[in-house]
Amino acid sequence: MVGLIKHRYDEVPGTLGCPTSDELTNPGNTGKRQHFGARGNIYWKNTYGFAYTIWGQIWQLYASQNYEAGNFRYPSANEGCCSSDGVVNNYYYQYFADYCWILLWSPTNGFAANFRCD
């Protein structure tokens, strides 16, 4: 692990466990990613300048939708919880595809996905 992926990994100690891959080049040479088995991924996209963690229930849905090759593309923020900016309380949320998609997950209500761009 090196660079921004390592920096992000160090920010979430114990969350992802040990890496199960080397850093891999994203399709289209748009950045890097690293896998952590069934626990999640860390993505760095060269246009973002930050690396983002995707894990847990949101990562499982993202994986089932073909990762970055699916509609959601790349995470554009880390997972958050219970925002006051229009996201219903008690939901975990994560933005994707330059903030166009938001995935919401609640232990009681399951998933929702909203497209926010024109």
Side-chain angles (χ1 to χ4, degrees):
M1 258 185 293
V2 297
L4 292 172
I5 288 178
K6 178 168 182 355
H7 178 74
R8 181 63 192 150
Y9 180 80
D10 291 343
E11 291 179 335
V12 291
T15 301
L16 297 172
C18 295
T20 57
S21 76
D22 291 330
E23 282 192 6
L24 306 168
T25 300
N26 293 336
N29 199 27
T30 59
K32 301 283 185 181
R33 69 188 182 283
Q34 192 157 15
H35 300 283
F36 297 85
R39 299 194 77 181
N41 294 349
I42 296 177
Y43 282 91
W44 168 78
K45 191 173 177 213
N46 52 15
T47 56
Y48 293 165
F50 295 96
Y52 299 114
T53 308
I54 178 166
W55 66 290
Q57 296 296 318
I58 291 175
W59 176 77
Q60 288 181 13
L61 176 67
Y62 182 70
S64 76
Q65 300 297 310
N66 205 20
Y67 299 96
E68 68 277 352
N71 287 337
F72 303 123
R73 300 287 181 212
Y74 294 95
S76 36
N78 291 308
E79 182 180 294
C81 176
C82 312
S83 172
S84 61
D85 65 350
V87 178
V88 179
N89 283 339
N90 300 317
Y91 274 86
Y92 295 90
Y93 64 93
Q94 190 158 10
Y95 292 98
F96 293 84
D98 298 322
Y99 289 89
C100 285
W101 282 99
I102 182 171
L103 293 181
L104 302 156
W105 177 77
S106 162
T108 54
N109 296 322
F111 282 104
N114 294 314
F115 187 70
R116 302 163 32 107
C117 297
D118 295 329

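The figures that follow rest on heavy atoms only: side chains count, while hydrogens, waters and symmetry mates do not.
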Would a 4.5 Å heavy-atom cut-off, applied to side chains only, mark [X] and [Y] as touching?
X: Asp98; Y: Tyr74; answer: no
X: Arg116; Y: Ile102; answer: yes
X: Arg33; Y: Pro27; answer: yes
X: Tyr67; Y: Tyr43; answer: yes

Drop me the distance from [X]'s [atom1] to [Y]'s [atom2], to the nearest 0.5 angstrom.
X: Tyr93; Y: Cys81; atom1: OH; atom2: SG; result: 8.0 Å
X: Ser76; Y: Tyr48; atom1: OG; atom2: OH; result: 4.5 Å
X: Asn46; Y: Asn29; atom1: CG; atom2: CG; result: 7.5 Å

**Message:** Taking ring-ring contact (aromatic ring centres under 6.0 Å, His included) as the definition, give me every residue that meets it alongside Tyr99, ordered by chain and number, with sequence neighbours left out.
**Reply:**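 Expected list: Tyr95.
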**Request:** List in chain and number order the residues that pass ring-ring contact (aromatic ring centres under 6.0 Å, His included) with Trp101, two or more places apart in sequence or in another chain; answer none if no residue qualifies.
**Result:**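 Checked Trp101 against ring-ring contact (aromatic ring centres under 6.0 Å, His included); matches are Phe72, Phe115.
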**Contact list for residues 12-25, test side-chain hydrogen bond (donor to acceptor under 3.5 Å, both in side chains), sequence neighbours left out** =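 Pairs touching residues 12-25 that pass the test: Thr25-Lys32.
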Mind listing the side-chain donor-acceptor pairs of residues 6-13 below 3.5 Å, one per line with the distance, residues two or more places apart or on another chain?
residue, atom, partner, partner atom, Å
Lys6, NZ, Asp10, OD1, 3.3
Lys6, NZ, Asp10, OD2, 2.8
His7, NE2, Glu11, OE2, 3.0
Arg8, NE, Thr53, OG1, 2.8
Arg8, NE, Asn78, OD1, 3.2
Arg8, NH1, Glu11, OE1, 2.9
Arg8, NH2, Asn78, OD1, 3.4
Tyr9, OH, Gly17, O, 2.7

**Request:** State, to 0.1 Å, how close Gly49 and Leu4 come at their nearest heavy-atom pair, and which atoms those are.
**Result:**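 Distance-wise, the nearest heavy atoms are O-CD1, 3.4 Å.
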**Prompt:** How far apart are the closest heavy atoms of Gln94 and Pro75, and which atoms are they?
**Reply:**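 Taking every non-hydrogen atom into account, NE2-CB, 3.7 Å.
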Distance-only donor-acceptor pairs under 3.5 Å for side chains of residues 54-64, two or more places apart:
residue, atom, partner, partner atom, Å
Tyr62, OH, Glu68, N, 3.2
Tyr62, OH, Arg73, O, 2.5
Ser64, OG, Leu61, O, 2.7

**Prompt:** Are any side-chain N or O atoms of Asn26 and backbone N or O atoms of Trp44, one a donor and one an acceptor, separated by less than 3.5 Å?
**Reply:**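 Flag set: sc Asn26 to bb Trp44 pair under 3.5 Å.
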**Request:** Only counting residues at least two apart or in another chain, list the ones meeting side chain to side chain donor-acceptor pair (under 3.5 Å) with Lys45.
**Result:**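 Lys45 satisfies side chain to side chain donor-acceptor pair (under 3.5 Å) with no other residue.
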**Request:** Treating Ile, Leu, Val, Met, Phe, Trp and Tyr as nodes and any side-chain heavy-atom pair under 4.5 angstrom as an edge, say whether Phe111 and Phe96 lie in one connected cluster.
**Result:**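 Yes, same cluster.
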